[in-house]
Amino acid sequence: MSKRDYYEVLGVGRDASERDIKKAYKRLAMKYHPDRNPGDKEAETAFKEVKEAYEILTDSDKKAAYDQFGHAGVDPNRGGGGFGGGADFGDIFGDVFGDIFGGGRRGQRQAARGSDLRYNLELSLEEAVRGLTKELRIPTLATCDVCDGSGAKAGSSATTCGTCHGAGQVQMRQGFFAVQQPCPTCHGRGKIIKDPCGKCHGEGRVEKTKTLSVKIPAGVDTGDRIRLAGEGEAGEFGAPPGDLYVQVSVREHPIFVRDGNNLYCEVPISFSKAALGGEVQVPTLDGKVSLKIPTETQTGRMFRLRGKGVKSVRSHAVGDLLCKVVVETPVNLNERQKELLREFEETLTGESRKHSPKAEGFFDGVKKFFQDLNN
Ligand SMILES: [Zn+2]
Ligand SMILES: [Zn+2]
């Protein structure tokens, strides 16, 4: 899904002042706030969109990057594995309304949930059709096992920051407005770790490559996404982990082209077999099967092998295999073979149109074309 322009989202011009942006945001945030639109997915999406636009356009660095490069300039996915962290409505509410009405947020800052991770998994067509169990090696942040995520050395513990009293933010007055800023003492964490854990250096998380065994269901296709709840990055200081999304893409196959649950392939046949009929072996994903070619088969004719396609990952439906026969002109003929063909051609003389259904229609069409020209 392509993103809408942030100015458009807020309904303001590119030269809008910060005040105008805040005003527009306040109006839209109130309109779409989930508390006012319970269970309304569209309102929720609109709310997130409005929030994102506001956050970018009121941050002078991000706004400058956005004005110059568009969404690419402020893409949160850039350079990191995380993407699309869920918006926390309580947090948003505090930010906006605290900001505008001068009210402060109360209470302790909540440690952030871990980021979601994305893993791009490339499969062969056979693997995608049959399903398999894959071992994935995923670089991630895991909860530190020495301090159990607290960030504090054994025997000590984190203390609540005295500057912000655990809120992680402090209020500064800027003229008329009271503005929230990250606490300079604890850098927004709300906690002070005097004696940090030796392994994670007070972060509570450590970089780690974990190995996961993931079951890929039969029938997946490019664009399918498998969510593994809780397998993303560990949260801050014991907060819940994010999720891992396995994004599937299927490599091109030398013989088959997949279209939904159907498979499609081209089968070359000789022109004598096309004329006389016979059998050809066609490939399927379960091995070869015999396909009966009726007499007088024309090139391009499509044959459907029912149930030889792909089993849907979402239902029990099974697709078909569509085989298009392509009649080949023989090459590398020896003298004897050429002689036979010349002989054959002579037998057609005078009545060639009787034996060539396409030509009949074609020459009739040409004749009519010239007649129309002359009239
Ligand atoms: Zn630690
Ligand atoms: Zn603080």
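Both ligands and their constituent atoms are indexed starting at 1 by order of listing.
Closest of all the heavy-atom pairs between Val282 and Leu305 is CG2-CD1, 3.7 Å.
Here the Zn ion (ligand 1) is the vertex; the SG atom in Cys200 and the SG atom in Cys147 give an angle of 100° (to 10°). Angle subtended at the Zn ion (ligand 2) by Cys183 SG and Cys164 SG: 110°, rounded to 10 degrees.
The Zn ion (ligand 1) has no N, O or S atom of His201 closer than 2.8 Å. Residue Cys161 counts as close to the Zn ion (ligand 2), with an N, O or S atom under 2.8 Å. For the Zn ion (ligand 2), the set of nearby N, O or S atoms under 2.8 Å includes none belonging to His187.
Checked for salt-bridge contact, Lys368 and Asp372 meet the test: a charged N lies under 4.0 Å from a carboxylate O. We find that Glu18 and Lys22 are joined by a salt bridge, their nearest charged nitrogen and carboxylate oxygen being less than 4.0 Å apart.
Considering only heavy atoms from C-beta on, Pro268 comes within 4.5 Å of Glu328 through its side chain.
A cation-pi arrangement is not found for Arg118 relative to Tyr245, the charged atom failing to lie both closer than 6.0 Å to the ring centre and inside a 45° cone about the ring normal.
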